[in-house]
Protein chains: 2
Amino acid sequence: MDRTDDSLIALRRILRSTELYSRDLALSAGVTPAQLRVLQIVVAKGGSTTPKALATQMGVSQATVTALLDKLQKRKLIDRVRSEADRRQMNIIITDDGLATTDSAPDALQQRYVKEFEKLPDWEQAMMVAVLERVASMLDAGDIDASPVLTIGDLHTDRTSH
Amino acid sequence: MDRTDDSLIALRRILRSTELYSRDLALSAGVTPAQLRVLQIVVAKGGSTTPKALATQMGVSQATVTALLDKLQKRKLIDRVRSEADRRQMNIIITDDGLATTDSAPDALQQRYVKEFEKLPDWEQAMMVAVLERVASMLDAGDIDASPVLTIGDLHTDRTSH
DNA sequence: TCATTTCGTTCGATTGACTAACTAACAACC
DNA sequence: GGTTGTTAGTTAGTCAATCGAACGAAATGA
């Protein structure tokens with residue numbers, strides 16, 4: 001029918017697959033999706049960060065982050081340590097149990113996607129990156145700064161997509 | 001430069017934008033995302049359907065649908081009418097106010113995306129569709145029932161395959 | 001110094017989701 | 001008919017995630 005519809009349908013499939021995976025991954029890791037996201041961000045930041053940074057990156061309020069951290073701390077997946085440099089800040093530290101939890105998240109989405117992506121010829125990879133970035137910029141409001149860590153997998157890079 | 005990371009980052013930006021927009025969208029229509037999604041499905045079904053059908057399509061329990069319908073009915077966006085054919089069933093009928101709500105839902109994400117997409121030259125549209133469908137199939141488990149309505153609520157649809 | 005801002009938390013509320021238990025209606029069957 | 005089982009929807013109770021508002025403690029700056 002229409003190319004616009006085709007592209008919307010494909011986009012929707014992408015969104016839905018990702019969401020479904022993220023739920024399954026979180027549940028099989030024994031935490032909720034939001035909690036797993038927190039753990040993954042802390043890991044991506046090198047094992048420690050602050051509630052403020054988490055709230056910004058996740059796009060939720062500090063109050064929400066506090067609630068999530070309460071649950072994670074109660075289960076000993078993270079620790080809170082007051083910062084020496086700025087005593088208003090709390091350092092959120094991932095524990096060994098927390099690391100084990102993120103490690104045990106199978107992350108099937110990333111594995112499958114990455115595996116298939118890397119099988120593609122060079123020109124096709126380049127084309128896909130170009131198109132995805134174009135779509136992202138078409139959707140991106142511009143006032144969005146945080147690049148959230150979803151359950152697609154860890155990225156070595158830590159950019160704030162502009 | 002790592003193309004795999006670049007593509008994952010772009011994907012995350014896409015997911016992120018969609019998620020943020022879906023919130024604003026529903027709020028500016030004066031209903032919550034889940035409630036808007038109920039209204040949209042009822043409209044898509046021709047203005048009337050049953051709670052059971054809604055629950056199936058949304059991938060949530062009937063109890064959840066009942067709670068959503070309670071709120072929508074209290075605001076006179078839908079009506080409940082007991083079926084004559086099978087008196088166990090309720091027909092969920094959208095009201096004029098409900099129709100007005102779905103019509104006024106700006107759906108900024110889709111509108112902006114569509115507007116920009118349709119400005120692109122033909123070959124570029126074709127390339128984008130091809131890439132998006134490829135990504136979708138790389139992510140997709142295989143079960144699809146995608147419509148060209150891009151709302152985040154659809155992410156919870158139809159988890160029968162998991 | 002003192003006002004302002006920032007950081008994190010607490011509190012109260014709402015939304016959306018679940019399960020379990022219930023009522024009402026239909027469908028078979030003997 | 002009456003009994004049994006299934007299906008549709010609701011009710012009740014619970015929980016996670018989220019928000020805004022109000023707060024105390026700490027840093028900043030005029």
Side-chain angles (χ1 to χ4, degrees), chain A residues 19-20 22-23 26-27 29-39 41 48-75 77-93 148 150, chain B residues 19-20 22-27 29-39 41 48-75 77-93 151-159 162:
Chain A
E19 167 67 16
L20 293 184
S22 91
R23 236 206 244 179
L27 290 185
V31 291
T32 63
Q35 290 168 18
L36 180 59
R37 216 155 74 229
V38 169
L39 292 179
I41 292 176
S48 133
T49 186
T50 65
K52 171 69 171 183
L54 283 166
T56 303
Q57 186 145 8
M58 296 176 70
V60 300
S61 69
Q62 278 195 336
T64 300
V65 170
T66 294
L68 291 172
L69 292 176
D70 285 348
K71 285 165 194 156
L72 291 172
Q73 188 176 29
K74 203 173 294 178
R75 298 189 44 193
L77 301 179
I78 58 112
D79 269 332
R80 282 174 163 117
V81 179
R82 189 162 291 279
S83 162
E84 285 303 316
D86 182 340
R87 298 187 52 73
R88 291 168 306 180
Q89 289 189 330
M90 295 297 293
N91 285 129
I92 306 304
I93 318 269
L150 300 170
Chain B
E19 187 185 332
L20 291 184
S22 79
R23 272 194 223 163
D24 295 350
L25 175 163
L27 289 186
V31 291
T32 62
Q35 290 167 17
L36 179 59
R37 187 148 168 269
V38 169
L39 292 179
I41 292 177
S48 135
T49 186
T50 66
K52 171 71 171 181
L54 282 166
T56 303
Q57 177 142 6
M58 295 175 70
V60 300
S61 69
Q62 277 196 345
T64 299
V65 170
T66 294
L68 292 172
L69 292 176
D70 285 348
K71 285 164 194 158
L72 290 172
Q73 188 176 30
K74 202 174 295 177
R75 298 188 42 195
L77 301 178
I78 58 111
D79 269 333
R80 282 173 163 117
V81 178
R82 189 163 292 280
S83 162
E84 284 304 314
D86 183 339
R87 298 188 53 74
R88 291 170 304 181
Q89 289 188 330
M90 296 297 293
N91 285 129
I92 307 304
I93 318 270
T151 57
I152 198 77
D154 292 332
L155 296 180
H156 296 283
T157 301
D158 192 6
R159 308 195 67 254
H162 290 92

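Model, not experiment: these values are computed from the prediction. Each chain gets a letter, A, B and so on, in the order its sequence line appears, and its residues count up from 1.
- Within the structure, salt bridge (Lys or Arg N to Asp or Glu O under 4.0 Å) contacts touching residues 56-71 of chain A (residues at least two apart or in different chains) are A:D70-A:R80.
- Put simply, NZ on A:K74 is 11 Å from P on D:dC15, counting in whole angstrom units.
- When the C1' atom of C:dC7 is taken as reference, atom CD1 of A:I92 falls 11 Å away, rounded to whole Å.
- Across every non-hydrogen atom of A:R75 and A:G30, the tightest pair is NH1-O, 2.9 Å.
- Across the protein-nucleic acid pair, B:L54 atom CG and D:dA8 atom P stand 13 Å apart, rounded to whole Å.
- Considering only side-chain N and O atoms, A:K71 lies under 4.0 angstrom from the phosphate OP1 or OP2 of D:dA17.
- As a whole-Å value, the separation of A:R37 CZ from D:dT18 C1' is 11 Å.
- Rounded to whole Å, atom C1' of C:dT15 lies 15 Å from atom CG of B:L69.
- Between B:Q62 and the phosphate of D:dG9, there is a side-chain N or O to OP1/OP2 separation shorter than 4.0 Å.
- Proximity note for B:V60 (side chain, C-beta onward) versus C:dC7, C:dC18, D:dA8: the nearest is C:dC18.
- Look at CG on B:L68: it is 9 Å from C1' on C:dA17, rounded to the nearest Å.
- Ranking D:dG9, D:dT18, C:dT9 by closeness to the A:T66 side chain, first place goes to C:dT9.
- Here B:R87 pairs with B:E84 under the salt bridge (Lys or Arg N to Asp or Glu O under 4.0 Å) rule; sequence neighbours left out.
- Summarising the geometry of B:S83 relative to B:A85, their closest heavy-atom pair is OG-N, 3.2 Å, with the distance given to 0.1 Å.
- The CG-P distance, from A:L72 to C:dT9, rounds to 12 Å in whole Å.
- Between A:S48 and A:N91, the shortest heavy-atom contact is OG-ND2, 4.4 Å.
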Seminar exercise, completed: In B/S/- notation (B base, S sugar-phosphate only, - none; protein heavy atoms under 4.0 Å), nucleotides 20-30 of chain D written 5' to 3' is B-----BS---
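- If you measure from atom CG of B:D70 to atom P of C:dT15, you get 12 Å, rounded to the nearest angstrom.
- Nearest to the side chain of B:T50, among C:dA17, D:dG9, D:dC19, sits D:dG9.
- Between A:Q35 and D:dA17 there is a side-chain polar atom (N or O) within less than 4.0 angstrom of OP1 or OP2.
- Rounding to the nearest 0.5 Å gives a distance of 10.0 Å between CG of A:L36 and CD1 of A:I41.
- Atoms CD1 and CD1, on A:I78 and A:I93 in that order, are 9.0 Å from each other to the nearest 0.5 Å.
- Here the nucleotide nearest the side chain of A:A34, chosen from D:dT18, C:dT15, D:dG9, is D:dT18.
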